[in-house]
Amino acid sequence: MNTLIKRILAKALDGEEIAAGEIKELFRVPVISEEAYAIQYAARKMTEETAGGRAEVHAQVGINVAPCPQNCVFCSFAARNAIFRHSKAMPLEEVIERCLAFEGQEANAIYLMATANFPFEEFLRFGRQVREALQADTILIANIGDFDDEGAIALRKAGFNGIYHAIRLGEGAVTGIKPERRLQTIRAARRAGLLVGTCVEPVGPEHTLDELVEKTLLTREMRPVFSGAARRIAIPETDLAELGMVSEARMALILAVVRLAVGRGVSFNCTHEPNGIGAMAGANLFWAENGANPRDPEEKTENNRGYTVAKCQEILREAGWELVTGPSRAFQSGA
């Protein structure tokens, strides 16, 4: 066992903040090695201790498809990818029905996701109606494009508890969004009292160790209610597809390193898409999905890539997690 790795893991588990160079050393280890398994064990231990051995399943409804002008190369909605050529929104009644179904299936939080060019006022209308239909203590999260302070306040008034937002790997280079714009949105959300969840994503084989370290440090600085890591899905016939995908084994190491780097102040650690290796390596937050999905060329992801709440719960249980019942503890933990 590499003595440097051993020291870094002891430091992290003792609650000390590990430095950029130490994070890089953890990312550097071979996927199949004593050190890699030790890193994953340490991450699992930290998550179990901070979350009380509990795991959550959150559920997302994608409410529209559209050719999005932000042109994130990895996204099925990107106008440049020409997968969805026309704009189409799910009827409000169907969105409500799907959210109620997720609530009935014991999802711990409900997310509404829309493309970056979906009209903001329309999204607020959907949010208000969904909020009214759900139980008062059900956690409602927005996964949308960027907004300012006024927008953040409007989201809070519409009944949203928080947002999912990330400064993605390659932001500003393979997307039409400047990293600073993403940070401005996160700051606006915090000022309005919205809690923020994030992760290091979307990880592809093309990303360097330095890029992974940079985004991991940025994640830690954001002080999210959950963090983690998710891989880039290769969407057929898009520019990035030929680069392939990071294996689940490699992602298990990456999410474990992110978990240790973010530290004990964050109890929940996510990965996507749901998988048993990740759950064993310290991921205790998965997503079920239906409707549109930025990683899926199908209009209804439940017919293709999307997981059900029950399937996510099954994977987590098989990995030895006890499931949280009721509203998400992650989004009740404070900013």
Side-chain angles (χ1 to χ4, degrees), residues 8 11-12 15-28 39 43 46-47 50 70 72-75 116 141-148 152 162-192 194-232 246 250-251 253-272 278 282-283 285 294 330-331 333-335:
I8 296 170
K11 181 179 178 180
E16 295 183 55
E17 189 171 275
I18 57 177
E22 294 171 321
I23 296 169
K24 189 172 182 178
E25 288 299 324
L26 297 184
F27 278 133
R28 194 194 302 277
I39 291 166
M46 183 180 285
T47 304
T50 57
Q70 299 295 356
C72 303
V73 181
F74 46 75
C75 180
I141 306 300
N143 186 357
I144 54 173
D146 290 292
F147 49 81
D148 57 14
I163 65 167
Y164 175 84
H165 220 65
I167 298 95
R168 283 81 60 87
L169 285 153
E171 198 81 83
V174 297
T175 79
I177 307 167
K178 294 181 179 179
E180 181 56 31
R181 184 70 186 95
R182 306 293 281 177
L183 283 170
Q184 289 170 355
T185 295
I186 290 163
R187 294 177 188 132
R190 288 194 179 282
R191 286 191 290 267
L194 293 166
L195 299 177
V196 179
T198 193
C199 79
V200 176
E201 55 105 339
V203 181
E206 70 275 18
H207 296 126
T208 66
L209 296 183
D210 286 335
E211 288 178 285
L212 291 174
V213 171
E214 176 194 19
K215 291 301 186 289
T216 300
L217 292 173
L218 191 56
T219 295
R220 183 164 73 191
E221 291 166 8
M222 285 168 57
R223 296 180 293 110
V225 295
F226 69 77
S227 66
R231 67 177 176 172
R232 175 176 54 71
V246 174
R250 172 69 177 152
M251 279 308 305
L253 174 63
I254 291 171
L255 75 88
V257 175
V258 173
R259 200 284 159 268
L260 293 169
V262 171
R264 291 183 173 275
V266 177
S267 297
F268 286 84
N269 185 43
C270 71
T271 197
H272 201 69
L285 172 56
F331 277 98
S333 61

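What you are looking at is a predicted structure, and each value in this text was computed from that prediction instead of being measured.
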Does the side chain of [X] reach to within under 4.5 Å of the side chain of [Y], using non-hydrogen atoms?
X: V266; Y: V225; value: no
X: E25; Y: E22; value: no
X: F147; Y: I163; value: yes
X: L209; Y: R28; value: yes
X: T50; Y: R259; value: yes
X: L169; Y: F74; value: no
X: I141; Y: L195; value: no
X: L183; Y: L218; value: yes

- Message: side-chain contact (heavy atoms from CB on, under 4.5 Å), that's the test. Do L285 and N269 meet it? Break it down for me.
- Response: CA-CA 6 Å; L285 172 56; N269 185 43; over 6 Å; no
Testing the basics here: between [X] and [Y], what is the closest heavy-atom pair and its distance to 0.1 Å?
X: R181; Y: D146; answer: O-OD1, 3.3 Å
X: L255; Y: G282; answer: CD1-C, 4.3 Å
X: A283; Y: C270; answer: CB-C, 4.3 Å
X: V258; Y: S227; answer: CG1-OG, 4.4 Å
X: I167; Y: P179; answer: CG2-CB, 4.0 Å

- Task: Walk me through it: do V262 and E221 pass the test side-chain contact (heavy atoms from CB on, under 4.5 Å)?
- Result: CA-CA 8 Å; V262 171; E221 291 166 8; over 6 Å; no
- Task: Give the intermediate values and the outcome of side-chain contact (heavy atoms from CB on, under 4.5 Å) for residues E17 and K11.
- Result: CA-CA 8 Å; E17 189 171 275; K11 181 179 178 180; over 6 Å; no
For the atom pair [atom1] ([X]) and [atom2] ([Y]), what is the distance rounded to the nearest 0.5 Å?
X: I23; Y: T216; atom1: CD1; atom2: OG1; result: 6.0 Å
X: K24; Y: E214; atom1: NZ; atom2: CD; result: 12.0 Å
X: I177; Y: T185; atom1: CD1; atom2: OG1; result: 9.0 Å
X: I39; Y: I8; atom1: CD1; atom2: CD1; result: 8.0 Å

- salt bridge (charged side-chain N to carboxylate O under 4.0 Å, His left out) pairs touching residues 165-174, sequence neighbours excluded, are R168-E171, E171-R182
Donor-acceptor pairs under 3.5 Å, side chain of residues 197-205 to any protein atom, not counting sequence neighbours: which ones?
unit_1	atom_1	unit_2	atom_2	d
T198	OG1	H165	O	2.7
E201	OE2	Y164	OH	2.9

- Query: Which of these, L212, L26, T271, sits in a side-chain contact (heavy atoms from CB on, under 4.5 Å) with I254?
  - Reply: L212
- Task: Applying side-chain contact (heavy atoms from CB on, under 4.5 Å), run through R232 and V246 and close with a yes or a no.
- Result: CA-CA 8 Å; R232 175 176 54 71; V246 174; over 6 Å; no
- Message: Among residues at least two apart in sequence or on other chains, which ones pass salt bridge (Lys or Arg N to Asp or Glu O under 4.0 Å) with E16?
- Response: none
